[in-house]
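For the numbers below, each heavy atom of this structure counts, side chains included, while hydrogens, waters and symmetry mates do not. Heads up: numbering here begins at 1 and tracks the sequence.
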Amino acid sequence: MGIVSWIILGLLAGAIAKLLLPGRDPGGVIGTTLIGIVGAFIGGWLSAKFLDKPIANEFYDPATWGSAIAGSLVLLIGYRILFGHSRD
């Protein structure tokens with residue numbers, strides 16, 4: 001999977017993470033989108049590195065989607081914990 005595929009996957013994973021974790025985000029739509037992209041990369045890397053679950057080269061692989069969404073959720077939760085009250 002190329003870099004463009006990971007960016008698209010990250011955008012979609014960020015949107016799914018936002019649906020699973022509704023509420024106001026400190027960064028708004030752009031911040032959530034960037035968190036989704038970074039989360040997809042980090043989730044894929046962690047899955048391949050520590051879980052011995054290499055990411056397939058297919059866009060429609062469930063393990064790839066699961067790791068991307070999990071990475072996005074973790075980053076979104078961490079971002080809310082660190083910067084959640086900066087937008088009152």
Side-chain angles (χ1 to χ4, degrees):
M1 218 164 48
I3 189 82
V4 175
S5 297
W6 275 105
I7 291 173
I8 292 170
L9 177 66
L11 290 171
L12 295 173
I16 292 170
K18 179 66 177 162
L19 287 174
L20 293 174
L21 195 66
R24 291 177 54 154
D25 290 324
V29 175
I30 294 172
T32 304
T33 303
L34 293 175
I35 287 172
I37 293 170
V38 173
F41 282 105
I42 291 175
W45 179 76
L46 287 174
S47 176
K49 186 76 170 173
F50 296 111
L51 299 177
D52 198 27
K53 182 82 173 168
I55 300 300
N57 288 331
E58 300 176 16
F59 187 75
Y60 298 105
D61 182 41
T64 303
W65 280 90
S67 64
I69 293 169
S72 297
L73 277 171
V74 168
L75 282 182
L76 187 58
I77 290 169
Y79 187 66
R80 282 186 182 182
I81 288 171
L82 292 174
F83 302 106
H85 299 293
S86 65
R87 191 183 191 211
D88 291 330

Who passes side chain to side chain contact (heavy atoms under 4.5 Å, CB included) against [X], sequence neighbours left out?
X: Ile77; answer: Leu21, Ile81
X: Ile42; answer: Val38, Leu46, Leu75
X: Val74; answer: none

Are Leu12 and Leu19 connected into the same hydrophobic cluster when the rule is that any two of I, L, V, M, F, W, Y join if their side-chain heavy atoms are below 4.5 Å apart?
no

So, taking the atom named CG in Leu34 and the one named OG in Ser72, what distance separates them when rounded to the nearest 0.5 Å?
11.0 Å

Rounded to the nearest 0.5 angstrom, the CG-CD1 distance for Leu73 and Ile16 is 9.5 Å

Could you pull out the closest heavy-atom pair between Ile69 and Leu20, with the gap in Å?
CG2-CD1, 4.2 Å

